[in-house]
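Scope of the values below: all heavy atoms of this structure, side chains included, with no hydrogens, waters or symmetry mates. Every number for a ligand or one of its atoms is a count from 1 in the order of the listing.
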Amino acid sequence: MSSGSLIDQIDAFERTALAAVQSAPDAAALEAVRIEFLGARNGRLRDLQTVLGKATKEEKPVVGKRFNEVKQRVTAEYETKQRALSRPKRAAGGLDVTLPGVRVEQGRRHPLTQTILEFKEIMGRFGFTVADGPEVEDEWHNFQALNIPADHPARDPLDNFFLATANYAARQSTASELNLTAQPAAVTGPRLLRSQTSTVQIRVMESNPPPVRIISVGRVYRPDTIDATHSCMFHQMEGLLIAEGTTMAQLKTVLRLFARAYLGHDVTIRFRPSFFPFTEPSVEVDMSWDNTGTKWLEIGGAGMVDPNVLKAVGYDPDKVTGFAFGLGIERFCMRRYRVPDIRYFTNNDLRFLRQF
Ligand code: PHE
């Protein structure tokens, strides 16, 4: 027998064996293939080896090498196929219930967003509608119309975030005395990130006649030193009610009812006389942190709208009066959920956020 025909026989074996291995549909069929081709006793590989025993001395190295190659290739192919067939099969419908599941991450609203939605809902029950205003403001709406004249310390550039593009020359030329007719300069002059939502009071009154009953919720910015209860950006809810015969008693009642609606009946609200340029009289509002009566947290300011503010927007202070308040939203949320540090709201730690 020539070495050529021996090699042909080996090649033929390789082709049939590989085809049989690859087409075996399941483990039982593959086992039958193994016995037929690779079986130690009567397998075709065995037979082939017997035939090769007839090779001449010269043929042996070539033929033996090829035989070993084929033997290894078919065996390797068989093992690969066996591993593939022993993997868990997909159940009908494509779902393998034995595989470990993939956890589905469920998103949720940020705690502050949840708080804001609830605030709007509570105030809606009191008849307040929601108004909006820009976060980048002019000096008219952030200061001047709110009875904060140009030389007032609250307007110090170090206490506000003025925009770098702001025209400081225009700012310097603003009359140092409160000039209610100076609206255009203050509107076209420097811009800043609003330091309070009271800006929206002005915007609403400028474009609506009385009566007014609105809240406005949003971000405010102050270059405060950041600590557990202060941040350079936080959220306020502004409230404004303008009508005939509004009283301070109504203001206090609205704030008490609101605090109880959000925090429950164990919260105590206290009012301290204070000063804001845009309200007279003014109060600062605190809430009890717990039931010991010793720890209080300031939640905002409030008061009866100053007549100068009413005049600035073209209202007649002899006809209508009103009250306004500005509350810190983070602090309410902190009190309800016992959040010890305001920074948790913005550092995006999922361990914190997942609790809401
Ligand atoms: N704008 C005040 C502040 O941010 C709060 C306030 C609002 C006070 C309305 C009185 C009336 O501190």
* Greater than 12 external heavy atoms within 6.0 Å of Arg272's CZ -> yes

* Is Ser282 in contact with ligand 1, taking contact as a heavy-atom separation below 4.0 Å? -> no

* Do Pro317 and Lys311 come within less than 4.5 Å of each other through their side chains, counting heavy atoms only? -> yes

* **Region of Phe278 engaging ligand 1 - heavy atom pairs below 4.0 Å** => side chain

* For the residue pair Phe332 and Phe119, categorise the inter-ring angle as parallel (less than 30°), tilted (30 to 60°) or perpendicular (more than 60°). => perpendicular

* **Closest protein heavy atom to atom 11 (C) of ligand 1, given as residue, atom name and distance to 0.1 Å** => Ala324 O, 3.5 Å

* May I ask you to decide if the ring planes of Phe352 and Phe356 are parallel, tilted or perpendicular, using 30° and 60° as cut-offs? => perpendicular

* Asked: Going by the atom numbers of ligand 1, which of them fall below 4.0 Å from some non-hydrogen atom of Gln236?
  -> 3 (C), 4 (O)

* To do: Could you tell me the residue and atom name of the protein heavy atom closest to atom 7 (C) of ligand 1, and the distance to it rounded to 0.1 Å?
  => Gly326 N, 3.2 Å

* To do: Please report which non-hydrogen protein atom sits nearest to atom 1 (N) of ligand 1, along with the residue it belongs to and the distance in Å to one decimal place.
  => Gln196 OE1, 2.8 Å

* What part of Ser198, side chain, backbone, both or neither, has a heavy atom within less than 4.0 angstrom of ligand 1? -> side chain

* Pull out every atom of ligand 1 sitting under 4.0 Å from any heavy atom of Thr279, numbered as shown with elements. => 10 (C), 11 (C)

* Would you check if the side chain of Glu59 reaches a backbone N or O of Thr56 as a donor-acceptor pair within less than 3.5 Å? => yes

* To do: Under 4.0 Å from a heavy atom of Gln201: give me the atoms of ligand 1 that qualify, with their elements.
  => 9 (C)

* Counting from 1, what ligand 1 atoms have a heavy atom of Gly301 closer than 4.0 Å? -> 6 (C), 7 (C), 8 (C), 10 (C)

* Parallel, tilted or perpendicular for Phe345 and His110, by the 30°/60° rule? -> tilted

* Within 6.0 Å of CZ in Arg270, more than 12 heavy atoms from elsewhere -> yes

* **Glu14 side chain reached by Arg66 side chain, heavy atoms, under 4.5 Å** => yes

* May I ask you to identify, for Arg222, whether its side chain, its backbone, both or neither come under 4.0 Å of ligand 1 on a heavy-atom basis? => side chain

